[in-house]
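Inspection log for the structure reproduced underneath, given as structure tokens.
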Number of protein chains: 2
Amino acid sequence: MAHVALSTVRRLSLYLQFLEECTRDGLTTVSSRALAERGGSTPAQVRKDLSFFGSFGKRGIGYPVRELAERIRAILGLGRRYRVVVIGAGRIGSALASYPGFADRGFAIDAIYDVDPAKVGRALDGRVVRDIAHLEDDLRRTAADVAVIGTPAEPAQELADRLVAAGIRAILNFASVTLVVPPAVTVANVNMALEFETLAFALNWDGDR
Amino acid sequence: MAHVALSTVRRLSLYLQFLEECTRDGLTTVSSRALAERGGSTPAQVRKDLSFFGSFGKRGIGYPVRELAERIRAILGLGRRYRVVVIGAGRIGSALASYPGFADRGFAIDAIYDVDPAKVGRALDGRVVRDIAHLEDDLRRTAADVAVIGTPAEPAQELADRLVAAGIRAILNFASVTLVVPPAVTVANVNMALEFETLAFALNWDGDR
DNA sequence: GAGTGTGAAATTGTTCACAGCG
DNA sequence: CGCTGTGAACAATTTCACACTC
């Protein structure tokens, strides 16, 4: 398959969210225009995005809601379960652990780790927090697909190195540092300080536009 | 000022994070190469990004760490305090409320709202959760700069409409829906389901590349 | 007629390469 | 001599326009 832009993949995920809403509302078909309006895109963009993967629509009608959702799930690889380990049992780790929405979508948290002896051994939403020292042993026993780094910035890079060495190929990073990893490893960043700062910039500059 | 790409603004925020690390390490100058290595960029990109706003470096030497950090803070508008209201006292609202890092960077949470009578009136990290019914009155009394939507997807659009009507021009949206807002309002999205899904896609496709 | 699928055009964003300065 | 600043070349992405199908 030809190279597909990251922006296209992210939009597919948004389209899927909207399609699931359509399913709940009982719609059976949806046009690229409708999909665009609530998927933060344009009709042409929707059609282009989908055309990279095949032609799923019917001319004059639109796209079949159920089938398109299924196709996008297949494209994104959501047909199977993903094993997730979470590093850091603080605010972020706790929030993720107690959210059932990820498990529902196939991302199941296998284990939660921390360095803090005060947290290790405590239960967090039904899972016991394990000592980070066990990380490599645990991963050797049961490989994980995705690791979440929910620690402060300082230990994040070293943890990323350990995770990569242990075979992890996808990291969701909440720490406010840019992780340096080999090209075979994918990192997705959630950086709230950065989001606040882009909002601050927008507030200050769009007065001038 | 000429139009600046969102991607440039986001990188400035990353450069700033690294510059603060440099300050702590006692460095006084930094080259575009060093900045690029830990800012997820390239040397040319760093220089280009900065050149949109002025010329801050010294040829043959690099950039003065302290001064450049200060300049970027000014560009992003981080010189002042921003009033933040948080909608939703669940996992996300709690996590934000208890994180001192945002207040440190000038983003102070003024109020937290919820609809759930079981949560309203309870204290959350020193702040009492207010009934969402008071939102408009409160904002009329004390305007806020940024609103955080930390609710489930269903009420998110309606809340966004209320916030916009009440004069909010910047929204940080954690709900898994694309908000429709007037062009004068800026929305930043943090969509964890989407991040997991892009990681899933990467895991399935980079085997083929 | 309504709405998709898709090359081609336009735009936007990134990289190059080198002049110019400290 | 090293490293910035920047126009010009290049690459990627988005938008357009229209042929085609239901």
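Computed from heavy atoms alone, side chains included, the values below leave out hydrogens, waters and symmetry copies. Order of the sequence lines sets the chain letters (A, B, ...), proteins ahead of strands, with each chain counted from 1.
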Under 4.0 Å from OP1 or OP2 of C:dT15: is there any side-chain N or O of B:T42 that close?
yes
Considering heavy-atom distances to DNA chain D, does A:A44 or A:G60 have its closest nucleotide positioned more toward the 5' end?
A:A44
I need the CG-P distance between A:L6 and C:dT12, as an integer number of Å.
20 Å
Rounding to a whole Å, what distance do you find between B:F56:CZ and D:dG5:P?
8 Å
For B:F52 and D:dT6, give me the distance from atom CZ to atom P, rounded to whole Å.
11 Å
Under a 4.0 Å N-O cut-off, is there an ion pair linking A:D145 with A:R80?
yes
B:R83 atom CZ: more than 12 heavy-atom contacts under 6.0 Å:
no
Expressed as a whole number of angstroms, how long is the span from B:R33:CZ to D:dG5:C1'?
17 Å
Going by modelled atom types, is there a donor-acceptor pair between the base of C:dG20 and the side chain of B:R59 at under 3.5 Å?
yes
On DNA chain D, check which nucleotide each of A:I61 and A:D49 is closest to and give me the residue with the more 5' one.
A:D49
Report the distance from atom CZ of B:R10 to atom P of C:dT14, rounded to the nearest whole Å.
12 Å
Remember a base hit wins even if backbone is also touched, and classify A:S32 as base, sugar-phosphate or nothing at under 4.0 Å, heavy atoms.
sugar-phosphate
Is the phosphate of C:dA2 approached by A:Y63 (side-chain N or O, under 4.0 Å from OP1 or OP2)?
no
What is the distance from CG of A:L35 to P of C:dA2, rounded to the nearest Å?
20 Å
Check whether any side-chain N or O of B:R11 sits under 4.0 Å from OP1 or OP2 of C:dT14, and answer yes or no.
yes
Report the relative orientation of the aromatic rings in A:F196 and B:F107; use parallel for angles under 30°, tilted for 30 to 60°, perpendicular for over 60°.
tilted
Kindly indicate whether the side chain of B:K48 and the base of D:dG7 share any N or O donor-acceptor pair separated by less than 3.5 Å?
yes
Should A:Q45 be listed as having a side-chain N or O under 4.0 Å from OP1 or OP2 of D:dT13?
no
A:R47, nearest nucleotide to its side chain (from D:dT13, D:dG5, C:dT6)
C:dT6
Flag the pair A:K58 and A:E67 as a salt bridge only when some basic side-chain nitrogen lies within less than 4.0 angstrom of an acidic carboxylate oxygen.
no
C:dT14 phosphate, OP1 or OP2, under 4.0 Å from B:S7 side-chain N/O:
yes
Name the closest nucleotide to the A:S55 side chain, picking from C:dG22, C:dG5, D:dT6.
C:dG5
Can B:N191 and B:E195 be counted as having a side-chain donor-acceptor contact under 3.5 angstrom?
no
Length of the CG-P vector between B:L50 and C:dT14, whole Å
14 Å
